**Q** 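Pasting a structure here, questions to come.
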Amino acid sequence: MFKVECVDHIGIAVPNLETAKKFYTDVLGLKCTGEEEVAEQKVKTAFIPTGEAEIELLESTAPDGPIAKFIEKNGGRQGIQHIALRVDNIEKAIADLKAKGVRMIDEKPRYGAGGSSIAFIHPKASGVLLELCQRKG
């Protein structure tokens with residue numbers, strides 16, 4: 001059985017990464033620890049640590065990307081797009097969940113921001129979009 005270690009991050013879909021980042025850095029006084037574009041997911045990300053977990057700001061790089069679709073479906077507003085749970089072994093987590101009949105979006109791990117391995121659980125399984133992630137290192 002795999003282990004959920006903690007909430008790794010909360011993904012917030014935003015129409016503009018720079019504008020959204022300013023609220024967290026200028027208003028709340030938090031630090032952005034890096035930005036990255038993940039071309040295969042059509043997204044630019046910025047990570048903002050908040051103690052044990054991070055906020056991941058997500059801006060679409062294409063009008064047909066999942067973040068652009070989320071914002072469009074949400075009436076043009078930004079909002080929480082997913083919650084990521086850190087697991088100790090992502091391959092085992094996927095296999096265990098599938099064995100329990102849990103519907104997965106990803107049947108095998110894929111590359112995520114920060115070099116992590118990720119896989120999404122279908123929102124119909126849990127009520128929200130959950131990301132499993134295993135950090136490298």
Side-chain angles (χ1 to χ4, degrees):
M1 179 76 178
F2 73 98
K3 178 183 174 194
V4 174
E5 297 177 337
C6 62
V7 171
D8 186 81
H9 64 271
I10 297 172
I12 301 175
V14 300
N16 182 287
L17 196 62
E18 289 306 311
T19 301
K21 222 173 39 171
K22 286 180 183 179
F23 175 79
Y24 293 94
T25 57
D26 297 355
V27 177
L28 296 181
L30 298 170
K31 303 280 185 231
C32 177
T33 57
E35 295 182 31
E36 180 179 353
E37 184 170 332
V38 183
E40 80 175 31
Q41 294 178 38
K42 300 178 183 179
V43 70
K44 272 194 319 192
T45 68
F47 279 98
I48 301 170
T50 60
E52 293 291 319
E54 295 180 306
I55 293 170
E56 178 186 30
L57 301 176
L58 302 146
E59 177 187 348
S60 187
T61 57
D64 65 339
I67 298 303
K69 290 177 185 176
F70 175 88
I71 289 173
E72 182 181 322
K73 188 173 141 184
N74 205 25
R77 293 182 307 277
Q78 66 185 41
I80 295 174
Q81 193 256 350
H82 71 272
I83 297 172
L85 302 175
R86 189 179 310 160
V87 296
D88 61 344
N89 184 318
I90 195 159
E91 289 88 0
K92 182 127 181 63
I94 294 168
D96 287 356
L97 291 169
K98 284 174 54 180
K100 292 178 180 176
V102 174
R103 185 173 171 193
M104 300 293 296
I105 292 174
D106 298 300
E107 304 252 329
K108 60 182 182 177
R110 60 180 157 130
Y111 177 83
S116 60
S117 294
I118 65 168
F120 284 94
I121 298 171
H122 198 283
K124 289 191 177 175
S126 65
V128 297
L129 182 61
L130 287 177
E131 175 186 318
L132 303 176
C133 70
Q134 182 179 355
R135 299 263 182 167
K136 301 293 183 212

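Everything numeric here is computed off the predicted structure, so don't read it as measured data. Quick note: residue numbers are just sequence positions, from 1.
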**Q** Ignoring hydrogens and geometry, is there a side-chain-to-backbone donor-acceptor pair from Q134 to I90 under 3.5 Å?
**A**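 Checked: pair present.
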**Q** First locate atom OH of Y24, then atom CD1 of I12, and finally report the distance between them rounded to the nearest 0.5 Å.
**A**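 Result: 3.5 Å between the selected atoms.
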**Q** Keeping D88 on the side-chain end and K3 on the backbone end, is there a donor-acceptor pair under 3.5 Å?
**A**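 It does hold such a pair.
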**Q** Check residues 93-106 and write down every donor-acceptor pair under 3.5 Å in which the side-chain atom is one partner and the other belongs to a residue at least two apart or another chain.
**A**
{"residue": "D96", "atom": "OD1", "partner": "K92", "partner atom": "NZ", "Å": "3.2"}
{"residue": "D96", "atom": "OD2", "partner": "F2", "partner atom": "N", "Å": "3.1"}
{"residue": "K98", "atom": "NZ", "partner": "E107", "partner atom": "OE1", "Å": "2.8"}
{"residue": "R103", "atom": "NH2", "partner": "H122", "partner atom": "NE2", "Å": "3.4"}
{"residue": "D106", "atom": "OD1", "partner": "R110", "partner atom": "NE", "Å": "2.9"}
{"residue": "D106", "atom": "OD2", "partner": "R110", "partner atom": "NE", "Å": "3.2"}
{"residue": "D106", "atom": "OD2", "partner": "R110", "partner atom": "NH2", "Å": "3.2"}
{"residue": "D106", "atom": "OD2", "partner": "F120", "partner atom": "N", "Å": "2.8"}

**Q** How close do I67 and S60 get, heavy atom to heavy atom, and via which atoms?
**A**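 Minimum heavy-atom separation between I67 and S60: CG2-N, 3.8 Å.
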**Q** If the condition is salt bridge (charged side-chain N to carboxylate O under 4.0 Å, His left out), which residues does K21 pass it with, not counting sequence neighbours?
**A**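 For K21, the residues satisfying salt bridge (charged side-chain N to carboxylate O under 4.0 Å, His left out) (neighbours in sequence not counted) are E18, E35.
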**Q** For E40, look at atom CD and say whether over 12 heavy atoms of other residues, nucleotides or ligands are found less than 6.0 Å away.
**A**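 It does: E40 CD has more than 12 such atoms within range.
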**Q** Can you see which heavy atom on P109 is nearest to which on S117, and at what distance?
**A**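 Heavy-atom minimum between the residues: CB-CB, 4.1 Å.
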**Q** Residues in salt bridge (charged side-chain N to carboxylate O under 4.0 Å, His left out) with K69, at least two apart?
**A**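 By the salt bridge (charged side-chain N to carboxylate O under 4.0 Å, His left out) rule, K69 matches no residue at all.
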**Q** Examine distances only and state if a side-chain atom of Q41 and a backbone atom of G112 form a donor-acceptor pair shorter than 3.5 Å.
**A**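 Judged by distance alone, no pair lies under 3.5 Å.
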**Q** Is there a path of hydrophobic side-chain contacts, each under 4.5 Å between heavy atoms of I, L, V, M, F, W or Y residues, that connects F47 with V27?
**A**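 Different hydrophobic clusters.
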**Q** Nearest 0.5 Å please: distance from the CD atom of E5 over to the CZ atom of R135.
**A**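 Atom-to-atom, E5:CD and R135:CZ are 11.0 Å apart.
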**Q** Find the distance between CG (L132) and CG (D8) and round it off to the nearest 0.5 Å.
**A**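 That separation rounds to 10.5 Å.
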**Q** Residues in side-chain contact (heavy atoms from CB on, under 4.5 Å) with T25, at least two apart?
**A**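 Per chain and number, T25 pairs via side-chain contact (heavy atoms from CB on, under 4.5 Å) with C32.
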**Q** Would you be so kind as to tabulate the donor-acceptor pairs closer than 3.5 Å made by side chains of residues 70-81, with sequence neighbours excluded?
**A**
{"residue": "N74", "atom": "ND2", "partner": "R77", "partner atom": "O", "Å": "3.2"}
{"residue": "R77", "atom": "NH2", "partner": "N74", "partner atom": "O", "Å": "3.4"}

**Q** As an exercise, state the distance from OG1 of T19 to CG of L57, rounded to the nearest 0.5 Å.
**A**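 It comes to 11.0 Å.
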**Q** Which value, rounded to the nearest 0.5 Å, describes the distance between T61 atom OG1 and D64 atom CG?
**A**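 With rounding to 0.5 Å, OG1 (T61) is 9.0 Å from CG (D64).
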**Q** Can you give me the closest heavy-atom contact between L17 and L58, atom names plus distance?
**A**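 Looking at all heavy atoms of both residues, the closest pair is CD1-N, 4.4 Å.
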**Q** In the single-linkage hydrophobic clustering (I, L, V, M, F, W, Y; side-chain heavy atoms under 4.5 Å), do L28 and V14 co-cluster?
**A**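 Hydrophobic grouping puts L28 with V14.
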**Q** For the residue pair S126 and V128, what are the closest heavy atoms and their distance?
**A**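 In this case the closest contact between S126 and V128 is OG-O, 2.6 Å.
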**Q** Can you tell me how far apart SG (C133) and NE2 (H82) are? Round to the nearest 0.5 Å.
**A**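 Interatomic distance, C133 SG to H82 NE2, rounded to 0.5 Å: 8.0 Å.
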**Q** What are the two closest non-hydrogen atoms of P49 and L30, and how far apart are they?
**A**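 Shortest heavy-atom separation between P49 and L30 comes out as O-CD2, 4.0 Å.
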**Q** What closest approach, in Å, do A113 and T45 show between heavy atoms, and which atom pair accounts for it?
**A**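 Scanning both residues completely, I find the closest heavy atoms to be CB-OG1, 3.7 Å.
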**Q** With hydrophobic residues grouped by side-chain heavy-atom distances under 4.5 Å, do I118 and I83 end up in a single group?
**A**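 Not linked; separate clusters.
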**Q** I'd like to know if the side chain of T50 reaches the main chain of A53, judged simply by a donor and an acceptor atom lying under 3.5 Å from each other, with no hydrogens or angles considered.
**A**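 Checked: pair present.
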**Q** Apply salt bridge (charged side-chain N to carboxylate O under 4.0 Å, His left out) to E59 and list each qualifying residue two or more places apart in sequence or on a separate chain.
**A**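 Partners of E59 by the salt bridge (charged side-chain N to carboxylate O under 4.0 Å, His left out) criterion, ordered by chain and then number, come out as K44.
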